[in-house]
Amino acid sequence: MNATQPMLNINYPAAYVVNAEGNSLSVIDLTGQQVKETISFGDASMTGMNMSNMIMWPHHIYLSPDGSKLGIGVPGMDLSAGHTGGTTGMNGRVLVVNPVTGQTAQNQQTPVMNHNAVFSADGTEIWTSQMDMTGKVLVYNAGTMALKNTITVGMEPAEVTMSSNGQYAFVANGMSNSVSVIKVSDKSVAKTIAVGEDPVGAWPGADGKMYVDNEKGQSISVIDVNTLSMVETVKLGFTPGYAAYHPTRNELWVSQAGTGTKVVIFERMNGAWMKMSEVQTGLDAHAIAFTKDGATGYVTNQGAATVSVLDVAKRTKIKDISVGKKPNGIVLKY
């Protein structure tokens, strides 16, 4: 449980934003477009305390398929400047948070710093990476947090994501410049696919593709889930923070990380992704989420401590919402 956090009653459509340096979740009311609650994970700057259960630098967030749990990866260090070079011996954490009450139901330490915590398609498992030179993926029971499987992948794996059909887990191996594809059913590595330099995440699209953001390569590698092969490379000319496929508009939205302040929008032209427009967001733009009707987009801005609300059709910014310091992961719940 969160010792300093009162029991909440979040019974409205909401966006949950992970504030890494703020060590908290900002809860945005999607109707009023304002922060209504802040779920604190404690004061990470305090010293002289028992560090064995301390939560520091939460990073990414996922919602379970039934909407009853939030999974949060806690690497324990600031990843805003990059996703490699972790401290030897540093532990990570997986948090399971109740999205209605805001209470932490599980606080599981991992052997090595991790990156995120994503649910399997049936909601019974939580998958997380171990960001070490000998990379691994850990699979936990989502209810008890008992360790079920340990799977060897590439060097310094970052994000673990699930394909839209739920059959595969995709793991971005930052130091190996590859993506490991794992069969969810039997936990075997089906294939290792070479991508661009320093991949961070393979983001699922409703079009049966995975979009891999390569930070140092400044590109997007497109993987076909059916054939498990890379079918296209999208050159960006900037460092990507996230890649999001818009399911109804057939658009690819890519945020500009680092000194970038925009989301760049690509459309299919003559069989390839081509830049068509861009939207001003905020400094060090990162995660992107769309509402279920596809009309509104949300972008976290790590350097501005804001979330930009975007009109998808008009490709304009509606407003900025102030949140905690260094916001990164975001997930919507209805």
Side-chain angles (χ1 to χ4, degrees), residues 59-60 75 78-86 115-116 129-133 135 137 153-161 163 168-182 189 191-205 207-225 227-245 251-269 271-276 278 281 283-288 299-303 328-329:
H59 193 53
H60 283 180
D78 185 4
L79 296 179
S80 62
H83 296 78
T84 59
H115 197 264
N116 71 309
S129 65
Q130 296 294 264
M131 299 179 71
D132 205 354
M133 290 301 288
V137 169
V153 291
M155 294 187 292
E156 288 202 357
E159 198 84 2
V160 184
T161 55
S163 59
Y168 298 105
F170 284 73
V171 187
N173 304 310
M175 288 291 289
S176 294
N177 299 332
S178 67
V179 170
S180 296
V181 186
I182 303 170
V189 176
K191 194 170 184 180
T192 300
I193 303 170
V195 291
E197 187 178 2
D198 191 18
V200 174
W203 310 106
D207 59 347
K209 306 293 193 301
M210 303 292 288
Y211 294 90
V212 184
D213 60 326
N214 306 302
E215 284 197 341
K216 292 181 182 178
Q218 296 193 342
S219 65
I220 303 295
S221 298
V222 184
I223 296 174
D224 186 287
V225 175
T227 62
L228 297 184
S229 59
M230 192 174 75
V231 295
E232 187 176 355
T233 299
V234 185
K235 299 295 185 181
L236 300 174
F238 60 86
T239 300
Y242 193 93
Y245 175 83
E251 295 173 347
L252 183 63
W253 291 44
V254 183
S255 57
Q256 291 184 334
T259 59
T261 59
K262 301 173 183 177
V263 167
V264 179
I265 301 170
F266 296 81
E267 293 183 11
R268 297 294 291 178
M269 300 289 292
W273 287 108
M274 304 294 293
K275 177 183 174 181
M276 298 301 294
E278 56 189 32
T281 56
L283 181 62
D284 199 5
H286 263 72
I288 304 169
V299 180
T300 60
N301 305 305
Q302 286 192 128
N328 195 309

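As a basis for the values below, the full set of heavy atoms in this structure was taken, side chains included, without hydrogen atoms, waters or symmetry mates.
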Original post:
Is any side-chain heavy atom of Asn301 less than 4.5 Å from a side-chain heavy atom of Leu283?
Top reply: no
Original post:
Any side-chain heavy atom of Val264 within less than 4.5 Å of one from Phe266?
Top reply: yes
Original post:
Is the centre of the Trp203 ring less than 6.0 Å from the centre of the Tyr245 ring?
Top reply: no
Original post:
Are side-chain heavy atoms of Ser180 and Phe170 found at a separation under 4.5 Å?
Top reply: no
Subject >> Listed partners of Gln218 passing side chain to side chain contact (heavy atoms under 4.5 Å, CB included), at least two apart >> reply: Thr239
**OP:** Looking only at non-hydrogen atoms, find the nearest pair between Ala287 and Gly329 and report the distance.
**Re:** CB-CA, 4.3 Å
Original post:
Excluding sequence neighbours, so at least two apart, what forms side chain to side chain contact (heavy atoms under 4.5 Å, CB included) with Asp284?
Top reply: Ala257, His286, Gln302
**OP:** Flag the pair Ile265 / Lys275 as yes when at least one side-chain heavy-atom distance between them is below 4.5 Å, and no otherwise.
**Re:** no
Subject >> Donor-acceptor under 3.5 Å (Asn173 side chain, Met175 main chain) >> reply: no
Original post:
Would Glu197 and Asn214 count as having a side-chain donor-acceptor pair, cut-off 3.5 Å?
Top reply: no
Subject >> Reference residue Val171; test side chain to side chain contact (heavy atoms under 4.5 Å, CB included); the match among Val189, Val179, Ile182, Thr192 >> reply: Ile182
Original post:
Looking only at heavy atoms, which two atoms of Pro240 and Ser219 are closest? And how far apart?
Top reply: CG-O, 4.1 Å
Original post:
If we only count heavy atoms from C-beta on, is the Phe238 to Thr259 side-chain gap below 4.5 Å?
Top reply: no
Subject >> Worked check of side-chain contact (heavy atoms from CB on, under 4.5 Å) between Val254 and Ile220 >> reply: CA-CA 9 Å; Val254 183; Ile220 303 295; 4.3 Å; yes
Original post:
Which one of Asp224, Leu252, Val225 satisfies the side chain to side chain contact (heavy atoms under 4.5 Å, CB included) criterion with Lys209?
Top reply: Asp224
Subject >> Any residue meeting side-chain hydrogen bond (donor to acceptor under 3.5 Å, both in side chains) with Ser229, in chain and number order, not counting sequence neighbours >> reply: Thr227
Original post:
Would a 4.5 Å heavy-atom cut-off, applied to side chains only, mark Glu232 and Trp273 as touching?
Top reply: yes
Original post:
Heavy-atom distance under 4.5 Å between the side chains of Asn177 and Pro199, does that happen here?
Top reply: yes
**OP:** Check the side chains of Thr300 and Asn328 for a donor-acceptor pair under 3.5 angstrom, ignoring hydrogens and angles.
**Re:** no
**OP:** Decide yes or no for Val212 and Ile223: does some side-chain heavy atom of the first lie under 4.5 Å from some side-chain heavy atom of the second?
**Re:** yes
Subject >> Steps toward side-chain contact (heavy atoms from CB on, under 4.5 Å) verdict (Met274, Glu267) >> reply: CA-CA 5 Å; Met274 304 294 293; Glu267 293 183 11; over 6 Å; no
**OP:** Just do the side chain to side chain donor-acceptor pair (under 3.5 Å) check on Ser129 and Asn116 with the steps written out, would you?
**Re:** CA-CA 7 Å; Ser129 65; Asn116 71 309; 4.6 Å; no
Original post:
Between Ile193 and Met230, is a side-chain contact (heavy atoms from CB on, under 4.5 Å) present by the stated rule, with each step listed?
Top reply: CA-CA 7 Å; Ile193 303 170; Met230 192 174 75; 4.2 Å; yes
Original post:
How far apart are the closest heavy atoms of Pro157 and Gly135, and which atoms are they?
Top reply: CD-CA, 3.5 Å
Original post:
Taking atom NE2 of His115 and atom CE of Met131, what is their separation to the nearest 0.5 Å?
Top reply: 5.0 Å
